[in-house]
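Everything below concerns the one structure shown next.
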There are 2 protein chains.
Amino acid sequence: MSACNSCVVRTQAMCSILSDREREEFARLGRQMAVPTGQTLMWEGADSMVVANVVSGALKLSTSVQDGREQIVGVVYPSDFIGRPFGKTSPHSVTALSDARLCVFPRGAFDMFARSHPDLEHRLLRRTLDELDRARGWMLLLGRASAREKVATFIRDVAGRLAAEGDAPLTRFDLPLSRQQIADILGLTIETVCRQLTAMKRAGVIDLIGRRGVAILNPDQLEDMAHAA
Amino acid sequence: MSACNSCVVRTQAMCSILSDREREEFARLGRQMAVPTGQTLMWEGADSMVVANVVSGALKLSTSVQDGREQIVGVVYPSDFIGRPFGKTSPHSVTALSDARLCVFPRGAFDMFARSHPDLEHRLLRRTLDELDRARGWMLLLGRASAREKVATFIRDVAGRLAAEGDAPLTRFDLPLSRQQIADILGLTIETVCRQLTAMKRAGVIDLIGRRGVAILNPDQLEDMAHAA
DNA sequence: CGGTGAGTTGAAAGCAATCAAATGGCGTGG
DNA sequence: CCACGCCATTTGATTGCTTTCAACTCACCG
């Protein structure tokens, strides 16, 4: 009965380790849900009511300070997990960057189900450890990298993340984020992001096509820029 | 027989949920170990051979780029967990900031024990989720805060972290880190850290006593500085 | 085909980094 | 106990990258 059988992330999301019977039970706890671009699913500091799996689309995790400065602390893609299990409040906001489909579960029910299915918790633990590694790598970028390094690294990473699992990074693609959002990820201003992109274009490393399109002309040079520039 | 019975972090470390029998079995897998100040226990990118619980002391987690720039991505204290279970390589170096005592386990043995003790894995999951939240909060600081805000936030956080669980933040204490290490945590240079500290002293917010001593004279003003300055 | 908002470019200012030199805390040996 | 030397820290001067403020362009939509 459940939509799981046709779910595109069934094989990669954490539910994949469940048996058919377990997955059916699990599926009954939650429901699919569409989230339009720009909609915020969860607010920083608010009670953590739900957790979810991303089925399609991309969402940002962000925190901000009084005066409007915002920092994006993570971006999640299909098969990624959203929300804060086993905790009272959500430590950051979650907002859709594109129209997205989620598989949403009430937090309480999820917590209980997870507690009684060690394999699922194990899967979640691995995912969380990976996410922690990624966050810490990002900290190096935020704390020690120049604007050039940040932007080059960002382009390279998106190219890798957008490629199908196991494939080589794409050489031509559309950015899933606006310039402002890129700036919020890298801890820069929108103008600085622009200037770096233009400079990289002038250097013949990339090409910019319209608002969102990027072509990587010289991957090696891009790689160099990501490390020191 | 095991040292566990006298272990100072027994009640807070993750081993606390194990039964006496289980803990004995668990203890047989590992051993206590002293790590002198400055010694590196684990190297960035190296095979992840061990995991450990911190019994006493403080250690830093750090990554760096070719040219010597370093970023500290985390600091761990007693009862915290170190290492990368379920993964091939360690994503960052681990170095003792002070003489430390650890309870060390071979990774393989730990992984297997954890897999067969869901309660332990659950505890580890919660710990990892907390750590991820902390890392993301740090990202906001690194990406969007001014030098003043970074240093003020750092002082405030150390005061809180050094106080006994549940107590009010300390008003006079010794920093567990050198100026250079503080700089590496905040993504600043040592000179900038110095200047900010001196400025805060001149402003009457804190006092500096010798190399490591700090007294908080005006907690409210410090709090303000941590948020916007 | 014109409007609108994202994106780009330019000029100037500001903040932290860099380079350089002075100070002082602390351990050591006399 | 005091003098000495080393190294962390502090302070100063200058540079330069990123931000800020402002104007302009252009892609995309109706």
Side-chain angles (χ1 to χ4, degrees), chain A residues 37-38 60 65 67-71 97-98 141-155 174-203 206-215 225 228-229, chain B residues 36-38 64-65 67-71 97-99 141-155 174-203 206-215 225 228-229:
Chain A
T37 303
K60 66 172 182 178
V65 281
D67 52 3
R69 285 175 295 175
E70 176 179 275
Q71 177 67 48
L97 293 171
S98 62
L141 198 69
L142 286 173
R144 289 296 181 209
S146 66
R148 176 64 56 86
E149 288 171 311
K150 286 179 179 178
V151 174
T153 304
F154 173 78
I155 298 288
D174 282 333
L175 295 169
L177 302 152
S178 72
R179 297 286 190 268
Q180 181 60 61
Q181 287 163 343
I182 296 172
D184 287 337
I185 284 186
L186 299 175
L188 297 170
T189 59
I190 183 173
E191 295 95 329
T192 301
V193 172
C194 267
R195 278 188 255 268
Q196 295 303 332
L197 286 172
T198 317
M200 288 166 65
K201 175 176 178 170
R202 263 201 296 271
I206 60 170
D207 198 16
L208 301 171
I209 302 114
R211 293 204 179 168
R212 295 291 182 99
V214 175
M225 284 182 168
Chain B
T37 304
S64 49
V65 282
D67 53 4
R69 284 175 294 176
E70 176 180 274
Q71 177 67 48
L97 293 172
S98 62
D99 288 345
L141 198 69
L142 286 172
R144 289 295 181 211
S146 67
R148 175 64 55 86
E149 288 171 311
K150 286 178 178 178
V151 174
T153 303
F154 174 78
I155 298 287
D174 282 333
L175 294 169
L177 302 151
S178 73
R179 297 285 190 266
Q180 181 60 62
Q181 288 164 343
I182 295 172
D184 287 337
I185 284 185
L186 299 175
L188 298 170
T189 59
I190 183 172
E191 294 95 329
T192 301
V193 172
C194 267
R195 276 189 254 270
Q196 293 304 330
L197 286 173
T198 318
M200 287 166 66
K201 176 177 178 169
R202 263 202 294 271
I206 59 171
D207 197 17
L208 300 171
I209 301 115
R211 292 205 177 166
R212 295 291 181 98
V214 175
M225 283 180 168

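Predicted model, so just to flag it, every value in this text is computed and none were measured. Just so we're on the same page: letters track the sequence lines, and every chain starts at 1. What you see below is based on every heavy atom in this structure, not just the backbone, and it leaves out hydrogens, waters and symmetry mates.
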Name the pairs: protein N/O against N/O of nucleotides 7-11 of chain D, kept only if under 3.5 Å.
from: D/dA8; atom 1: O4'; to: B/R211; atom 2: NH1; distance (Å): 3.3
from: D/dT9; atom 1: OP2; to: B/R179; atom 2: N; distance (Å): 3.2
from: D/dT10; atom 1: OP1; to: B/R179; atom 2: NH2; distance (Å): 2.9
from: D/dT10; atom 1: OP2; to: B/R179; atom 2: NE; distance (Å): 2.6
from: D/dT11; atom 1: OP2; to: B/T198; atom 2: OG1; distance (Å): 2.8

Worksheet, complete the sentence: Rounded to 10°, the helix from C/dC1-D/dG30 to C/dG30-D/dC1 deviates from straight, judged by its five-pair end axes, by 40°
Worksheet entry | Contacts of type side chain to side chain donor-acceptor pair (under 3.5 Å), residue B/Q196, not counting sequence neighbours | B/R148
Worksheet entry | Pairwise distance CD1(A/I185) to OG1(A/T153) - rounded to 0.5 angstrom | 12.5 Å
Discussion item. I need the minimum non-hydrogen distance between B/L142 and B/L186, along with the two atoms involved.
Written reply: CD2-O, 3.5 Å
Discussion item. Reading DNA chain C from 5' to 3', where do the contacts with chain A start and stop? Cut-off is 4.0 Å to heavy atoms.
Written reply: C/dG5 to C/dA11
Item to complete: Name all residues meeting the side chain to side chain donor-acceptor pair (under 3.5 Å) criterion together with B/T198; count only those two or more places apart in sequence or in a different chain, and write none if there are none.
Response: none
Worksheet, complete the sentence: Output for pair (A/I182 CD1, A/I155 CD1), nearest 0.5 Å, gives 6.0 Å
Worksheet entry | Between P of D/dT18 and CZ of A/R148, the distance in whole Å | 9 Å
Worksheet item: Nearest heavy-atom pair of A/G187 and A/Q71: which atoms, and what distance?
Response: CA-OE1, 3.9 Å
Practice prompt. Considering non-hydrogen atoms only, spot the tightest contact between B/A183 and B/I190 and give its length.
Written response: CB-N, 3.7 Å
Practice prompt. Check B/T37 against B/L97 and note the closest heavy-atom contact, atom names and distance.
Written response: CG2-O, 3.5 Å
Worksheet item: Checking all strands, does A/G187 fall into the base, sugar-phosphate, or nothing category for heavy-atom contacts under 4.0 angstrom?
Response: sugar-phosphate
Fill in: Separation of B/D184 CG from A/R144 CZ (nearest 0.5 Å)
5.0 Å
Practice prompt. For the residue pair A/L175 and A/F154, establish whether any side-chain heavy-atom pair is separated by less than 4.5 Å.
Written response: yes
Protein-nucleotides 14-16 of chain D N/O pairs under 3.5 Å:
none

Worksheet item: Looking only at heavy atoms, what is the nearest atom pair of A/V193 and A/R179, with distance?
Response: CG1-CD, 4.3 Å
Worksheet item: Between B/K201 and B/L208, what is the shortest heavy-atom contact and its length?
Response: NZ-O, 3.9 Å
Practice prompt. Please round to the nearest 0.5 Å and tell me the distance separating atom OG of A/S98 and atom NZ of A/K60.
Written response: 12.5 Å
Worksheet entry | Between P of D/dT18 and CD of A/Q196, the distance in whole Å | 6 Å
